[in-house]
Amino acid sequence: MKERLQKFMAKAGIASRRKCEKIILEGRVKVNGKTVTQLGSKIDPQKDVVQVDGKVIRNTEKKVYIMLFKPKNCISTVKDQFKRKTVLDYVTGIDQRIYPVGRLDYDTEGLLLLTNDGKLAYRLTHPKNEIKKTYIAKVKGIPSESSLDLLRRGIHLEDGKTSPADVVMLNKDNQKNTSLIKITIHEGKNRQVKRMFAAINHPVIELKRTKIGKLTLGKLKPGQWRELTDKEIAYLKNV
Ligand code: URA
């Protein structure tokens, strides 16, 4: 399929789409050996040879790695049949076809990674790799330490027993009859944290993912995103 020259260049990671337009206008781009200065030009990425400043641009997408503070009321897919907000309504201006690494529920907020690096996404979501994910759960009631021990040891859910979890009581609100609990798991069963707390009769009221491995949200606010640093990317590739 043909595509616009500046889009092809942006996906390959040359620069932003706007900057690529400038590079074209500056006469620095050749298609099949001929300089192209028209912005409307389309190319066939399979067949045409594109050069920028004499260097051939390969027909591959640059890998991008993004951290989003997923807000509540937003779905962790790239499209939604019910026209609800998706994570891509927040992460705008990226030319590559990114998708979320794993999922957070519609009403869960917090750290979500997005990438077009299929290999990394697969590794991070494979149970064998056991990357830790940390959540803060506001739950109904005040669970006893012995109830929390059930989660620490692993609890039976309908699709099997969970692996041992790290569970820390952060705050008990006797007046509101709620608790704030930090829980770290390394599996990704569907709605796992909510089902774990439901199993000890302390349903989750609010859930936020604060960490993936050692990556944290830092200064991001709900709906904000940033690209990962080279150090963070190297870390994820080696966990
Ligand atoms: N566990 C849940 O129950 N929900 C999430 O969104 C993530 C983990």
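Remember, it's 1-based here, ligands and their atoms both numbered in the order they're listed.
- In terms of the side-chain hydrogen bond (donor to acceptor under 3.5 Å, both in side chains) criterion, residue partners of Asp159 (sequence neighbours excluded) are, by chain and number, Arg195.
- Scanning for salt bridge (charged side-chain N to carboxylate O under 4.0 Å, His left out) contacts around Lys194 gives Asp105, Asp107, with sequence neighbours left out.
- Heavy atoms of other residues, nucleotides or ligands lying less than 6.0 angstrom from CD of Gln38 number 12 at most.
- Under the rule for a salt bridge (charged side-chain N to carboxylate O under 4.0 Å, His left out), the partners of Asp149 that lie at least two apart in sequence or sit in another chain are Arg152.
- At a threshold of 4.0 Å, the pair Lys189-Glu158 does not count as salt-bridged, since none of the basic side-chain nitrogens sits closer than that to a carboxylate oxygen.
- Contacts of ligand 1 (protein heavy-atom distance under 4.0 Å) are Leu104, Asp105, Thr108, Tyr135, Arg191, Gln192, Val193, Lys194, Leu207.
- A donor-acceptor pair is defined here as one N or O able to donate and one able to accept, closer than 3.5 Å; no such pair exists between the side chain of Thr86 and the backbone of Ile75.
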